[in-house]
J.: 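The following block contains the structure, expressed as structure tokens.
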Amino acid sequence: MSEASSEDLVPPLEAGAALCREEEKAVKKKKKKSKGLANVFSVFTKGKKKKGQPSSAEPEGAAGSRQGLDGPLPTVEELKAALERGRLEAARPLLALERELAAAAAAGGASAEELVRRQSKVEALYELLRDQVLGVLRRPLEAAPERLRQALAVVAEQEREDRQAAAGGPGTSALATTRPRGWLQLWRRGVAQAAEERMGGRPAEGAEVPESVFLHMGRTMKEDLEAVVERLKPLFPAEFGVVAAYAESYHQHFAAHVAATAQFELCERDTYMLLVWVQNLYPNDILNSPKLAGELQNVGLGSLLPPKQIRLLEATFLSNEAANVKELMTRALELEAQRWAQDVPPQRLDGHCHSELAIDIIQIISQAQAKAESITLDLGSQIRQVLLVELLAFLRRYQHDFNEFLERGKRLTSYRANVIANINSCLSFRTSMEQKWQVPQDTLSLLLGPPGELKSHGFSTLLQSLCEDLKPLFKRFSHTRWAVPLETLEKIIATVGGRLPEFSELHDCFQEELVEAVHLHLVKEYIIQLSKRRLVLKTAEQQQQLAGHILASADAIRHFCTEHGSRATWLQPALPTLAEIIRLQDPSAIKIEVATYATCYPDFSKGHLSAILAIKGNLSNSDVKSIRSILDVSTGAQEPSRPLFSLIKVG
């Protein structure tokens, strides 16, 4: 995935393994070998472990400086030649030479000058050995496994010697202090250097934008650590902590780069990019990737940024997103209002007038929500509250602009079609809020308020001309003193039936709601005519006859509206109960009906009751007063969720 292969895990330093092998072959081709050099390799061969013997990395006993070595030690010149050819086996005789020097210094037989001269030669050999060993460890994936094990064994042996030197107290004063040599620490520094070189490498040509740099570092770290786990961990001794060493070095470089980036004044895009890496991609896709999760769980790398700085970035992100969402929604509404003003007809979709506004707004909100959740789910929860505030503000602006259009655009050709299209948009808003956005019920009611008002105002506009046509027909009831009520109602129903096709481009659910609005209008206007106080019937027979007309009218209205989709069953008792109040003659029975009626319609007031009782010309004033008093008991009823009598004014 990264621009360089995992074999480039560590950049080259000095003499590679391939060069060492070529030099060894060249040595073998020589027909004559010096006797001293032959002795050196003899020592190496005799010192190699046999089956059942401890490896060269196992602790050396403190009993003698030449334990495990047979024959005379090679000379400094011979060791130098071997080390220059990359022969890491020279580490053991070199260590023996160092111990022999220490023993000589302790015995006191040699002069200080001699000891210093000999020590300087030993230290020069150690520098050669160190460079050879660290050179192998700097490019561990390129070294042959056996050679890598040799280098690791040398470092382990030197670490043991460092510990023994520290435990043995101060060294001989004639010799300079050379331990601890700290080769394990040098190796770790080399790992850190390698991580810096690998992570600091350039991404693909021409792609040095921040996103590409972070992607390069992320891929490099993940692939390199996977190579460490799969190919190096089986070869490295546990004391090296090879996975932790590489992981910590790569993490430190990544964290330093992130911290440096965060110091700048970030644009919106870089703020988001930084949060995605710090809170999501780095911990989830790298540290918790399948191949690394188990290896890194105890390393404790932590976050790329401190919590306080992350909170500041998140606050900036939320502020940026709120501003973007507001701007995008405002622009969408402006474009929609511009189409209204320019009399552009709406699209038709499946036979219904269609507006893209609701879809655009829902997408804007959903994309902002998804963007926050791509950082963390917690940030997604935080932005939801921000988005709901912005959405509510938008819906109120939308309702305001739509109301202005309803008032100003009546003469436009596409006026009714655009009204229907915007009513239809309310369905998308309502569906998304109820099904996709998990919000408390009170918040949901608040959000659904503006679309509900928009729809109701739109219905009123669409029904305005129909209501005007029905007004003179309803007046016939009172003008004819209810002489032919059924004929009048038939004309009313026929008029409504002839106009309903005008609303066929509403969504089916809104067609049903509109018919419910018509249903309410018919019942309301019928009650208004009954409450005109123009009809006074003094006999029970007359009252029973009127009650019969009302029942027949109620049944005709119910049948027509139900047949066309009305589900307003709450309106069904409205007229039949009034008919029963008019039919009954016993004041006590009338009280029972009134009490029941007030339960169904809490907005039924004494004024409404008085207008109905005025029809019953045979009731005494005391009876009327007694019947009216029953509503005193019911005045504590809660406000009606569906208004009926509150829409009816009585004198």
Side-chain angles (χ1 to χ4, degrees), residues 13-49 56-57 60 64-138 143-144 146-147 150-151 153-155 157-158 161-162 165 171-172 174-179 181 183 186:
L13 271 185
E14 302 178 17
L19 180 58
C20 293
R21 288 192 292 269
E22 290 177 4
E23 290 179 348
E24 288 177 16
K25 292 179 181 179
V27 171
K28 291 179 181 179
K29 289 181 179 180
K30 292 183 178 179
K31 295 183 178 178
K32 294 182 179 180
K33 299 178 181 178
S34 68
K35 184 176 180 181
L37 196 56
N39 288 337
V40 172
F41 291 114
S42 174
V43 170
F44 295 157
T45 305
K46 292 176 182 178
K48 286 187 178 179
K49 77 167 187 176
S56 60
E60 294 281 351
S65 63
R66 300 177 59 181
Q67 182 178 354
L69 295 174
D70 298 328
L73 286 175
T75 65
V76 170
E77 289 73 15
E78 290 168 339
L79 285 175
K80 180 175 181 294
L83 289 173
E84 287 176 343
R85 285 169 172 74
R87 300 301 297 269
L88 300 184
E89 297 92 331
R92 297 189 69 219
L94 177 56
L95 179 58
L97 196 64
E98 180 188 12
R99 289 173 176 172
E100 190 175 76
L101 175 62
S111 66
E113 292 79 4
E114 176 64 16
L115 290 175
V116 170
R117 184 183 63 79
R118 290 173 61 184
Q119 186 181 31
S120 65
K121 291 183 178 181
V122 169
E123 290 308 308
L125 292 176
Y126 264 118
E127 287 184 11
L128 282 175
L129 177 61
R130 180 196 62 199
D131 292 345
Q132 288 289 344
V133 169
L134 294 182
V136 172
L137 297 183
R138 290 272 290 176
E146 184 57 35
R147 183 167 178 78
Q150 285 180 331
V154 171
V155 174
E157 188 173 48
Q158 290 298 315
E161 198 70 15
D162 284 348
T172 306
L175 295 176
T177 302
T178 58
R179 291 196 181 273
R181 298 188 186 279
W183 285 11
L186 290 177

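Heads up: numbering here begins at 1 and tracks the sequence. Source: prediction; values computed, not measured.
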J.: Distance check, rounded to the nearest 0.5 Å: Arg85 atom CZ versus Leu128 atom CG?
T.: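 Separation between the atoms: 12.0 Å.
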J.: Whether the Gln158 and Arg130 side chains hold a donor-acceptor pair (N or O, under 3.5 Å, no angle test) is what I'd like checked.
T.: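 No pair is found: no donor N or O on one side chain lies under 3.5 Å from an acceptor on the other.
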J.: Between Gln119 (side chain only) and Ala176 (backbone N and O only), is there a donor and an acceptor less than 3.5 Å apart?
T.: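 Between the backbone of Ala176 and the side chain of Gln119 there is a qualifying donor-acceptor contact (under 3.5 Å).
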J.: Which heavy-atom pair separates Val136 from Ala143 by the least distance, and what is that distance?
T.: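 Shortest heavy-atom contact: CG1-CB, 3.8 Å.
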J.: Looking at CD of Glu78 and OG1 of Thr75, how far apart are the two atoms once the value is rounded to the nearest 0.5 Å?
T.: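 Those atoms lie 3.5 Å apart.
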J.: Distance from Leu175 atom CG to Glu123 atom CD, nearest 0.5 Å?
T.: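 Answer for the CG-CD pair, Leu175 versus Glu123, is 9.5 Å.
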J.: Apply side chain to side chain contact (heavy atoms under 4.5 Å, CB included) to Trp183 and Leu129, showing your working.
T.: CA-CA 11 Å; Trp183 285 11; Leu129 177 61; 3.8 Å; yes
J.: Closest approach of Val133 and Ala151, non-hydrogen atoms and distance?
T.: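 Scanning both residues, the minimum pair turns out to be CG1-O, 3.6 Å.
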J.: Would you call Arg117 and Glu114 a salt bridge, using N to O less than 4.0 angstrom?
T.: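 Yes, this pair counts.
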J.: Is a salt bridge present between Arg99 and Glu161, judged by a nitrogen-to-oxygen distance below 4.0 Å?
T.: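 Looking at Glu161 together with Arg99, the answer is yes, because their closest N to O distance falls below 4.0 Å.
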J.: Nearest 0.5 angstrom please: Leu88 CG to Leu83 CG, how far?
T.: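 Nearest 0.5 Å value for the CG-CG distance: 8.0 Å.
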J.: OG1/Thr178 to CG/Asp162 distance, rounded to the nearest 0.5 angstrom?
T.: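 Between atom OG1 of Thr178 and atom CG of Asp162 there are 8.5 Å.
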J.: Stepwise, does the side chain to side chain contact (heavy atoms under 4.5 Å, CB included) test hold for Leu97 with Tyr126?
T.: CA-CA 11 Å; Leu97 196 64; Tyr126 264 118; over 6 Å; no
J.: Would you say the side-chain atoms of Glu84 pair up with the backbone N or O of Ala81, donor to acceptor, closer than 3.5 Å?
T.: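 Absent.
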J.: Between Arg181 and Glu98, is there a salt bridge with N-O shorter than 4.0 Å?
T.: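 Yes.
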J.: Determine the minimum heavy-atom distance between Leu73 and Pro93, stating which atoms define it.
T.: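 That closest heavy-atom pairing would be CD2-O, 4.2 Å.
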J.: In Å and rounded to the nearest 0.5 Å, what is the CD to CZ distance from Gln132 to Arg147?
T.: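 If I round to the nearest 0.5 Å, the distance is 6.0 Å.
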